[in-house]
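Okay, structure first, notes after.
These numbers were taken from a predicted model, which means no experiment stands behind them.
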Amino acid sequence: MRNTAKFTTAVLAAGALTLGLTACGSEEASGSADTSDPLVVAASPVPHAEILTYVKDNLAKDAGLDLQVKEFTDYVLPNTATQDGSVGANYFQNQPYLDDFNKKNGTDIVPVVTVHLEPLGLYSSKFKKADELKSGATVAVPNDTVNEARALKLLDANGIITLKDGAGNDATPKDIAKNPKNLKFKELEAAQTPRSLDDVDAAVINGNYAIESDLKPSEDALVLESAKDNPYGNFLAVKKGNEDDPRVKKLAKLLTSPEVKKFIADKYAGSVVASF
């Protein structure tokens, strides 16, 4: 059994965001964490916590690293916990998401090393091909700024819609220039998109949530992001000032080791792709 602790968003999210950003007087939040303590890393359950658990069980001891993994089921609490020092690092996000989070919340979290990509995909329980979507079909998309824009870019790249010139990492349905099938968009929390498949015609789902829902991105997605030159690689991140923590450096090295690359390839069969 994995040595993890699970947290649910509904109960904790509202309080954690406020309390986490005001707890900067703690020892860890000030960037002076005790490096003799275990390194606690916040992570999404799949694949991040699975990858970390592989490192913990197979590589960490020989490297002299005491690693602990805490699972979070949303995209807010891992950052607030990192900011307030409740955890020493997190592993769940990409650069556009982190940039947006830091800007909106006044946090100063920074990436350490990029580990993998989870291709975003369009899924449906009603259609086998994207061109089968009917006029007026409803498509669920993540409602956070970066992932909604990423979803729309995926649809644009596959000719399903056309975005306005210059639409960036904050694109919304208002930035759609052409919508030949008059698609309607239902904005949902990213974690809810897989559960919406029975209620909508299709849904754009983040790779980790797809895998958790027993979808196989490399097989089940109607369209899937390309890994080439993709800016959405997921990385290990810390509060600024903790990049040189020797525990973090050890973990960064282990996460980009040949053993982890093989683990990712064997376990996820193209649904998660190593970025190193």
Side-chain angles (χ1 to χ4, degrees), residues 44 47 75 92-101 114-194 196-197 200-211 213 215-235 264 268-276:
S44 298
Y75 287 164
F92 79 100
Q93 65 193 320
N94 58 55
Q95 190 68 59
Y97 180 84
L98 177 59
D99 290 343
D100 182 69
F101 190 94
T114 301
V115 181
H116 77 267
L117 172 73
E118 303 159 27
L120 196 73
L122 176 69
Y123 300 84
S124 176
S125 60
K126 301 176 182 178
F127 304 106
K128 298 296 184 182
K129 297 180 180 179
D131 59 12
E132 294 176 355
L133 286 170
K134 298 178 180 179
S135 178
T138 299
V139 179
V141 294
N143 66 2
D144 64 273
T145 300
V146 170
N147 282 305
E148 181 170 49
R150 186 180 175 188
L152 295 174
K153 288 180 181 180
L154 173 68
L155 300 180
D156 175 85
N158 287 275
I160 299 169
I161 62 170
T162 301
L163 290 171
K164 297 176 183 177
D165 290 342
N169 292 328
D170 57 355
T172 72
K174 293 180 180 179
D175 294 298
I176 296 174
K178 296 180 181 179
N179 186 1
K181 291 195 174 184
N182 194 31
L183 299 177
K184 299 174 183 177
F185 294 94
K186 186 173 184 178
E187 297 167 311
L188 299 172
E189 183 183 352
Q192 302 300 320
T193 52
S196 74
L197 282 173
V200 298
D201 297 293
V204 180
I205 303 174
N206 290 75
N208 60 316
Y209 292 131
I211 296 168
S213 301
L215 294 167
K216 296 181 179 179
S218 59
E219 298 176 12
D220 297 332
L222 307 186
V223 297
L224 194 66
E225 277 183 327
S226 169
K228 184 178 180 181
D229 300 323
N230 195 301
Y232 296 103
N234 284 204
F235 46 66
I264 290 172
Y268 301 109
S271 295
V272 177
V273 182
S275 298
F276 57 92

Less than 4.5 Å apart, any side-chain heavy atom of Leu152 and any of Ile161?
yes

Name of the residue among Pro217, Ser271, Pro47, Ser213 meeting side chain to side chain contact (heavy atoms under 4.5 Å, CB included) with Asn208
Pro47

Within a strict 4.5 Å, meaning less than it, do heavy atoms of the Glu187 and Pro142 side chains meet?
no

Tyr209 and Tyr75 aromatic centres sub-6.0 Å
yes

Should the heavy atoms of other residues, nucleotides or ligands under 6.0 Å from NZ of Lys134 be counted, would the total exceed 12?
no

Worked check of side-chain contact (heavy atoms from CB on, under 4.5 Å) between Leu117 and Asn94
CA-CA 9 Å; Leu117 172 73; Asn94 58 55; over 6 Å; no

Answer yes or no: is there a donor N or O on one side and an acceptor on the other, between the side chain of Asn158 and the main chain of Leu154, under 3.5 Å?
yes

State the CD1-CG distance between Ile176 and Leu163, to the nearest 0.5 angstrom.
6.5 Å

How close do Leu224 and Gly121 get, heavy atom to heavy atom, and via which atoms?
CD1-CA, 3.9 Å

With the side chain counted from C-beta on, respond yes when Gln93 and Ser44 share a heavy-atom pair under 4.5 Å apart, and no when they do not.
no

So, do Val139 and Asp201 sit near enough that their side-chain heavy atoms are less than 4.5 Å apart?
no

Could you state the interatomic distance from NZ (Lys128) to CG (Leu222), rounded to the nearest 0.5 Å?
9.0 Å

Are side-chain heavy atoms of Val204 and Leu155 found at a separation under 4.5 Å?
yes

Phe127 backbone acceptor or donor facing Glu132 side chain under 3.5 Å
no

Verify the distance criterion only: is there a donor paired with an acceptor across the side chains of Tyr232 and Asn206 at less than 3.5 Å?
no

Drop me the distance from Leu215's CG to Ser125's OG, to the nearest 0.5 angstrom.
10.0 Å

For a 4.5 angstrom cut-off between non-hydrogen side-chain atoms, does Tyr268 reach Val273?
no

Lys181 NZ: over 12 foreign heavy atoms closer than 6.0 Å:
yes

Rounded to the nearest 0.5 Å, how far apart are CG of Leu133 and OG1 of Thr138?
10.0 Å

Any chance you could lay out the side-chain contact (heavy atoms from CB on, under 4.5 Å) test for Leu122 and Ile160, step after step, and finish with the verdict?
CA-CA 11 Å; Leu122 176 69; Ile160 299 169; 3.9 Å; yes

State whether a side-chain donor-acceptor pair under 3.5 Å links Asn179 with Asn182.
no

Looking at Lys186 and Ser196, would you say the former's side chain and the latter's main chain have a donor-acceptor pair under 3.5 Å?
no

I need the minimum non-hydrogen distance between Ala190 and Asp144, along with the two atoms involved.
CB-OD1, 4.2 Å

For Glu225, is there an ion pair with Lys153 - N to carboxylate O distance below 4.0 angstrom?
no

Going through the distances and angles, do Leu98 and Phe235 end up as a side-chain contact (heavy atoms from CB on, under 4.5 Å)?
CA-CA 10 Å; Leu98 177 59; Phe235 46 66; 3.8 Å; yes

Atom pair CD1 (Ile264) and OG (Ser275), whose distance is rounded to the nearest 0.5 Å
8.0 Å

Taking the side chain as every heavy atom from C-beta outward, state whether Leu188 and Asn143 have any atom pair closer than 4.5 Å.
no

How many angstroms lie between atom CG of Asp100 and atom CG of Asp170, to the nearest 0.5 angstrom?
8.0 Å

Side chains of Leu120 and Ile205: does their closest heavy-atom pair fall under 4.5 Å?
no

